[in-house]
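Take a look at the structure set out below.
Source: prediction; values computed, not measured.
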Amino acid sequence: MKTIGVIGAGTMGSGIAQIAASNDCTVHLFDMHEEALTISQVKLEKILNRLIEKGRIDEAKKTAIQSNINVHTSMEPFASCDLVIEAIVENPSIKKKVFEQVESIVSEDCIIASNTSSLSITSLAAGLQKPSRFLGIHFFNPAPLMKLVEIIPAIQSDKKMVEIANQTIENWGKLTVIAKDTPGFIVNRVARPFYSEALRIYEEGFAGMQMIDLAMKMAVPSGSEAKETSSAGFRMGPFELMDFIGHDVNFVVTETMYNSFYQEARYKPSFTQKRHVEAGYLGRKSGKGFYDYGPDRMVVDILPDPDLIQKIAHRIVIMLINEAADAAYYNIALAADIDKAMTKGVNYPKGLLAWADELGIQHCVDALDALYDRYHEERYRCSPMLRQLAKNGKTFFGDNTLKKNLI
Ligand code: NAI
């Protein structure tokens, strides 16, 4: 695939254009706003200069990348594209209108993809004349730096076409995982408890935000005993990460997941976060979120409480494992791909299912049952996957006959 079309020159579209152009593709970058194209070019210039300073590319490569990207306010140049990736505003009716236009221009064989984070790929495909040419190609932000890309076939997608698209993205140096077309795909689904359980622990008054952040960065459960701790924790704590992502974005993703899963209790949004959105405390970008980022901010270090830290990290990790196990149970992706997605996509210190094996499957079941006994809430229901594995004395990665043995 040599000629790539990108729709939308915002954060994601610009990143995707940069990736394709760096891999010697001719890119046609389209945006309805001329200003967005200009900003995209200015930002690319800065990024490439930084890469030169770091010695990652030379002047000749910079020139090649820039000359590979052609910017347009018309879609006509898409006529020569092999693949068109859409990255415009997250609005299904606007996206569908754009695809209608794209299809009237591109060749019969051109593959069309959406970078959507939350919309159904199948419903977008249904709006096309030829739905079999459509799939989801979900990059992570910042696209040029994040290694993972989720490939999401619609139920109408042609298998061969999906393989070609997958191979193209791999040829661009990315690591791909195939995900079923369900809300949140892999990463945005499996990662939910990282935020929601942290918020829950905070709301119940067990610990403050700083302590919870510290717990996830410092002490994560490891080893078969689950009592040991390791220093290889998560890169950021949940509250720091939500401030980084922005509460407007993070809250909407949670709310969308909750509603897309027909009010599934595990994805219930938190009032603490909702109030922060209402107050305009959106995180780093607004100077205040859960933490203060203003010029006069005071950083007061807290003394870690080792016992509390261990309990917090254990509870959040167990909830993450349960979510990952459920994703495996419902065939959202292969167990190995779920772990790959979380380690490569969002830099988790370990794959969650490998972590479950390490902690002991029975240990995970017992921990979830203890939470369920305490709250009697659906949220703490242990995944049938974990329960069955424990019953049969099996693990995620120690036994290839995994699912067959569960029935
Ligand atoms: P953005 O707001 O930075 O950029 C969107 C661009 O699309 C703007 O330049 C806008 O002018 C243009 N646009 C809007 N309507 C258009 C139309 N009808 N025709 C042509 N151009 C149009 O948005 P962002 O953050 O890049 O997101 C784009 C898509 O990528 C969304 O579907 C989002 O869900 C998805 N995504 C976003 C991630 C993120 O972290 N920002 C991560 C992964 C996926």
Side-chain angles (χ1 to χ4, degrees), residues 1-51 61-119 121 123-131 133-145 149 165 168-169 172 249 285:
M1 302 229 139
K2 274 284 156 212
T3 310
I4 310 296
V6 179
I7 315 171
T11 310
M12 297 307 290
S14 300
I16 296 165
Q18 184 192 332
I19 298 164
S22 306
N23 285 280
D24 305 322
C25 293
T26 299
V27 178
H28 295 295
L29 176 60
F30 160 77
D31 201 292
M32 67 195 293
H33 301 114
E34 191 145 12
E35 202 195 345
L37 292 166
T38 311
I39 293 170
S40 173
Q41 285 173 305
V42 170
K43 282 191 178 161
L44 179 65
E45 169 87 17
K46 277 192 197 150
I47 291 168
L48 296 178
N49 284 342
R50 236 180 294 139
L51 290 177
K61 183 73 183 171
K62 174 187 164 187
T63 310
I65 294 171
Q66 284 176 313
S67 59
N68 279 344
I69 302 180
N70 310 282
V71 297
H72 313 275
T73 49
S74 144
M75 286 194 212
E76 292 307 322
F78 286 170
S80 62
C81 286
D82 304 305
L83 166 68
V84 173
I85 304 175
E86 166 276 318
I88 62 166
V89 41
E90 192 74 331
N91 177 316
S93 53
I94 297 179
K95 284 193 198 276
K96 279 184 182 169
K97 269 200 201 109
V98 165
F99 292 134
E100 211 173 285
Q101 233 184 313
V102 174
E103 252 193 329
S104 70
I105 294 166
V106 296
S107 71
E108 190 57 22
D109 298 331
C110 177
I111 296 174
I112 304 175
S114 175
N115 184 52
T116 180
S117 289
S118 65
L119 302 173
I121 302 300
S123 81
L124 292 177
L128 268 73
Q129 299 262 341
K130 192 178 164 189
R133 64 157 93 197
F134 191 82
L135 80 164
I137 301 183
H138 186 224
F139 289 82
F140 290 80
N141 187 16
L145 297 183
V149 176
T168 303
I169 305 301
W172 292 352
V249 175
K285 62 180 161 192

Check against side-chain contact (heavy atoms from CB on, under 4.5 Å), E45 and K62: CA-CA 8 Å; E45 169 87 17; K62 174 187 164 187; 2.9 Å; yes

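- Note that OG of S107 is 12.0 Å distant from CD1 of I105, once rounded to the nearest 0.5 Å.
- Rounding to the nearest 0.5 angstrom, the gap separating the OG atom in S80 from the NZ atom in K2 is 13.5 Å.
- Between atom OG1 of residue T73 and atom CE of residue M32 there is a gap of 10.5 Å, rounded to the nearest 0.5 Å.
- Taking every heavy atom of both residues into account, L37 and A9 meet most closely at CD2-CB, 3.7 Å.
- For the atom pair I85 CD1 and I169 CD1, the distance stands at 5.0 Å (nearest 0.5 Å).
- Annotation for K61: atom NZ counts as buried by contact number, over 12 foreign heavy atoms lying within 6.0 Å.
- Heavy-atom minimum distance, Q41 versus V71: NE2-CG2, 3.7 Å.
- When all heavy atoms of M1 and I111 are compared, the pair lying nearest together is CE-CD1, 3.6 Å.
- The shortest non-hydrogen separation linking V84 to C110 is CG2-SG, 3.9 Å.
- With respect to I16, the side-chain contact (heavy atoms from CB on, under 4.5 Å) criterion is satisfied by exactly one of V6, V27, I4: V6.
- Scanning both residues, E103 and R133, for their nearest heavy atoms gives OE2-NE, 3.5 Å.
- Judged purely by atom type and a 3.5 angstrom limit, K95 uses its side chain to pair as donor or acceptor with the backbone of I88.
- Side-chain contact between N141 and M12: present, with at least one pair of heavy atoms (C-beta onward) separated by less than 4.5 Å.
- Residue F30 comes nearest to M75 through the heavy atom pair CE2-CE, 3.5 Å, listed as atom of the first residue, atom of the second, then distance.
- The 12-atom threshold is not exceeded at CD of E34, counting heavy atoms of other residues, nucleotides or ligands nearer than 6.0 Å.
- More than 12 heavy atoms of other residues, nucleotides or ligands sit less than 6.0 Å from atom NZ of K96.
- Residues T116 and H138 have side chains that never bring a donor and an acceptor to within less than 3.5 angstrom of each other.
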Working for side-chain contact (heavy atoms from CB on, under 4.5 Å), residues D31 and S40: CA-CA 10 Å; D31 201 292; S40 173; over 6 Å; no

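- Without hydrogens or angle criteria, E90 side chain to S117 main chain gives a donor-acceptor distance under 3.5 Å.
- The aromatic rings of W172 and F139 lie parallel to each other, their planes meeting at an angle below 30°, with 60° marking the opposite boundary.
- Here the straight-line distance linking atom CG of N23 with atom CD of Q18 works out to 10.5 Å at 0.5 Å rounding.
- Under a 3.5 Å cut-off, the side chain of S14 and the backbone N or O of T11 do not form any donor-acceptor pair.
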Derivation of the side-chain contact (heavy atoms from CB on, under 4.5 Å) call for V249 and K285: CA-CA 11 Å; V249 175; K285 62 180 161 192; 4.1 Å; yes

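- The main-chain N or O of T3 is found under 3.5 Å from a side-chain atom of D82 such that the two form a donor-acceptor pair.
- Atoms NE2 and OG1, from H33 and T38 in turn, are 12.0 Å apart once rounded to the nearest 0.5 Å.
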